[in-house]
A.B. asks: 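Below you'll find the structure I mean.
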Amino acid sequence: MNITEINNLELPELKIYSSTSEVQLLRYYEPDEGIFIAESPKVIRRALDSGYTPISLLIERKYINGQASDIMSRCGDIPVYTADSEILTAIAGFKLTQGVLCAMRRKTLPDAVEICSNASRIAVLEDIMNQTNVGAIFRSASALGFEAVILTSGCSNPLYRRSVRVSMGTVFQIPWTYIGNSDSDYVSFLKNMGFSTVAMALDDNSVSISNPVLKAQKKLAVILGTEGEGLKKSTISACDYTVKIPMYNGVDSLNVASASAVTFWELGKKEI
């Protein structure tokens, strides 16, 4: 194995773990696909299972012959950088979750038409920038019967480190892409792909999430908006249905990640 003991924090090879921003990683091989950082053994294993190519590993020394040993064997002869926890924390700027980071190549994103053609339940994220929310939505979508996620160009990238970590690696298991050229009128695009469209919004003209008409739809696209502003008015007016979750005690809304879990359970596939 190609193991290097870290004795110099300024090694150029470590910059992707220390001083390189998410956007710089995204554009690392521009115009080709860039890099992302997977954190924790479970997340790294899921990325490898999904065919992502590892570039290098940053591993706490005690895990080399422990919980990361199988990962190292799967990654072949890529560089492995190791040290004690305190040094790795100094490099990464945070304490590593279970002591392992892996730099990996991104894949070319699939076409939105391809994704929509092969799914009956999709989640659509409109301009959601919070990485934690994006990761949590992916985890709920994967767990609760939704088959794909479509994002507008204003959304945070699902392969940013925090989103990957919060999703527990489910960003590698469920197909996703950006809406691309249809971003300006993506609701029409979804309708042309055969989807009934659902805007999740607090609106007087909304229907209850338990309305049986929603579950009866053969193809359903559930659209979720930002935490503060919610969905654009133009999006709401263009959708077939506006839906809200009934609530108690004067609570008017849920965090978008929590709302997504409720919605996906109610409207997703139930073949469990």
Side-chain angles (χ1 to χ4, degrees), residues 109-131 133-138 140-142 144-158 163 171 174-246 252-269:
L109 291 176
D111 185 75
V113 172
E114 175 188 346
I115 284 183
C116 291
S117 298
N118 299 317
S120 62
R121 292 291 186 272
I122 65 172
V124 183
L125 311 189
E126 182 181 277
D127 300 346
I128 297 178
M129 287 297 297
N130 184 287
Q131 294 181 29
N133 285 337
V134 170
I137 291 170
F138 266 84
S140 294
S142 181
L144 300 174
F146 272 59
E147 299 153 310
V149 177
I150 301 292
L151 305 98
T152 66
S153 59
C155 285
S156 176
N157 194 284
S163 292
V171 292
I174 185 169
W176 64 272
T177 196
Y178 285 92
I179 202 71
N181 294 333
S182 302
D183 198 359
S184 61
D185 189 18
Y186 70 86
V187 177
S188 294
F189 166 79
L190 295 170
K191 289 182 176 181
N192 290 336
M193 293 301 301
F195 286 93
S196 297
T197 51
V198 170
M200 297 302 298
L202 300 173
D203 191 281
D204 292 337
N205 296 319
S206 62
V207 299
S208 173
I209 195 172
S210 61
N211 191 313
V213 172
L214 301 175
K215 297 180 184 179
Q217 301 303 309
K218 185 177 180 180
K219 297 186 73 172
L220 198 65
V222 173
I223 305 175
L224 300 153
T226 62
E227 189 75 28
E229 298 296 326
L231 292 174
K232 299 173 184 175
K233 290 183 179 179
S234 58
T235 299
I236 296 171
S237 62
C239 285
D240 298 307
Y241 305 96
T242 303
V243 174
K244 68 179 179 180
I245 301 169
D252 62 354
S253 65
L254 296 173
N255 167 276
V256 66
S258 300
S260 75
V262 174
T263 304
F264 298 159
W265 170 251
E266 186 68 24
L267 300 180
K269 297 185 301 182

A.B. asks: Quick one: are Lys232 and Asp127 in side-chain contact, heavy atoms under 4.5 Å?
C.D. replies: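 Yes, at least one pair of side-chain atoms sits under 4.5 Å.
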A.B. asks: Under 3.5 Å, is there a donor on one side chain and an acceptor on the other for Ser210 and Glu266?
C.D. replies: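 Ser210 vs Glu266: no donor-acceptor pair found between side chains.
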A.B. asks: Would you indicate whether the side-chain heavy atoms of Cys155 and Val134 approach each other to under 4.5 Å?
C.D. replies: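 Of all side-chain heavy-atom pairs linking Cys155 with Val134, none is under 4.5 Å.
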A.B. asks: Considering non-hydrogen atoms only, spot the tightest contact between Cys239 and Lys191 and give its length.
C.D. replies: C-NZ, 4.3 Å
A.B. asks: Taking salt bridge (Lys or Arg N to Asp or Glu O under 4.0 Å) as the definition, give me every residue that meets it alongside Lys244, ordered by chain and number, with sequence neighbours left out.
C.D. replies: none
A.B. asks: If you round to the nearest 0.5 Å, how far is CG of Leu224 from CG of Leu125?
C.D. replies: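 Answer rounded to 0.5 Å: 6.0 Å.
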A.B. asks: Minimum heavy-atom separation for Tyr178 to Asn157, with atom names?
C.D. replies: OH-CA, 3.1 Å
A.B. asks: Indicate the atoms forming the closest heavy-atom contact of Ile236 with Ala201, along with that distance.
C.D. replies: CD1-CB, 3.7 Å
A.B. asks: Do any N or O atoms from the side chain of Ser156 and from the backbone of Asn130 form a donor-acceptor pair under 3.5 angstrom?
C.D. replies: no
A.B. asks: Which pair of non-hydrogen atoms, one from Leu151 and one from Pro158, has the smallest distance, and what is that distance?
C.D. replies: CD2-CG, 3.8 Å
A.B. asks: So Ser120 and Lys218, do their side chains get closer than 4.5 Å, heavy atoms only?
C.D. replies: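 No, every pair of side-chain atoms sits at 4.5 Å or beyond.
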A.B. asks: Does a side-chain heavy-atom distance below 4.5 Å link Val124 with Glu126?
C.D. replies: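 A side-chain contact is absent here, since even the closest heavy-atom pair is not under 4.5 Å.
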A.B. asks: Apply side chain to side chain contact (heavy atoms under 4.5 Å, CB included) to the pair Thr226 and Met129, showing each step before the final yes or no.
C.D. replies: CA-CA 8 Å; Thr226 62; Met129 287 297 297; over 6 Å; no
A.B. asks: Quick check against the 3.5 Å criterion: does Ser140 have a side-chain atom that pairs as donor or acceptor with the backbone of Ile137?
C.D. replies: no
A.B. asks: Does Cys116 reach the side chain of Phe195, with side-chain heavy atoms less than 4.5 Å apart?
C.D. replies: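 A side-chain contact exists here, since the closest heavy-atom pair is under 4.5 Å.
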A.B. asks: Answer whether the closest heavy-atom distance between the side chains of Ile223 and Tyr186 falls below 4.5 Å.
C.D. replies: yes
A.B. asks: Grab the two heavy atoms, one from Arg121 and one from Leu267, that are nearest each other, plus how far apart they are.
C.D. replies: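 In terms of heavy atoms, the two residues are closest at NE-O, 2.8 Å.
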A.B. asks: Atom CD1 in Ile209, atom CG in Leu214: separation rounded to 0.5 Å?
C.D. replies: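 Here the rounded value is 8.0 Å.
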A.B. asks: Are any side-chain N or O atoms of Ser117 and backbone N or O atoms of Val113, one a donor and one an acceptor, separated by less than 3.5 Å?
C.D. replies: yes
A.B. asks: Taking side-chain contact (heavy atoms from CB on, under 4.5 Å) as the definition, give me every residue that meets it alongside Ala136, ordered by chain and number, with sequence neighbours left out.
C.D. replies: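 With neighbours one apart ignored, the set is Val166, Ala257.
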A.B. asks: Side chain to side chain contact (heavy atoms under 4.5 Å, CB included) between Leu190 and Lys219: does it pass, once the steps are laid out?
C.D. replies: CA-CA 10 Å; Leu190 295 170; Lys219 297 186 73 172; over 6 Å; no
A.B. asks: Of all heavy-atom pairs between Ile115 and Pro110, which one has the smallest distance, and what is that distance?
C.D. replies: CD1-CG, 3.6 Å
A.B. asks: So, do Thr242 and Leu231 sit near enough that their side-chain heavy atoms are less than 4.5 Å apart?
C.D. replies: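 The answer is no; the side chains never approach within 4.5 Å.
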A.B. asks: Would you please name every residue forming a side-chain contact (heavy atoms from CB on, under 4.5 Å) with Ala141, sequence neighbours left out?
C.D. replies: Phe146, Val149, Ile174, Phe264
A.B. asks: Side chain to side chain contact (heavy atoms under 4.5 Å, CB included) between Thr177 and Asp111: does it pass, once the steps are laid out?
C.D. replies: CA-CA 7 Å; Thr177 196; Asp111 185 75; over 6 Å; no
A.B. asks: Is Val256 close to Ser260 at the side-chain level, that is, under 4.5 Å between some pair of heavy atoms?
C.D. replies: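 They are not in contact (no side-chain heavy atoms under 4.5 Å apart), so the answer is no.
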A.B. asks: Using 0.5 Å steps for rounding, measure from the OG atom of Ser258 to the CG atom of Asn133.
C.D. replies: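 Output value for this atom pair is 8.5 Å.
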A.B. asks: Say you draw a straight line from CG of Leu220 to NZ of Lys215; how long is it, rounded to the nearest 0.5 Å?
C.D. replies: 12.0 Å
A.B. asks: Counting distance only, does the side-chain N/O of Ser206 pair as donor-acceptor with the main-chain N or O of Leu202 below 3.5 Å?
C.D. replies: no
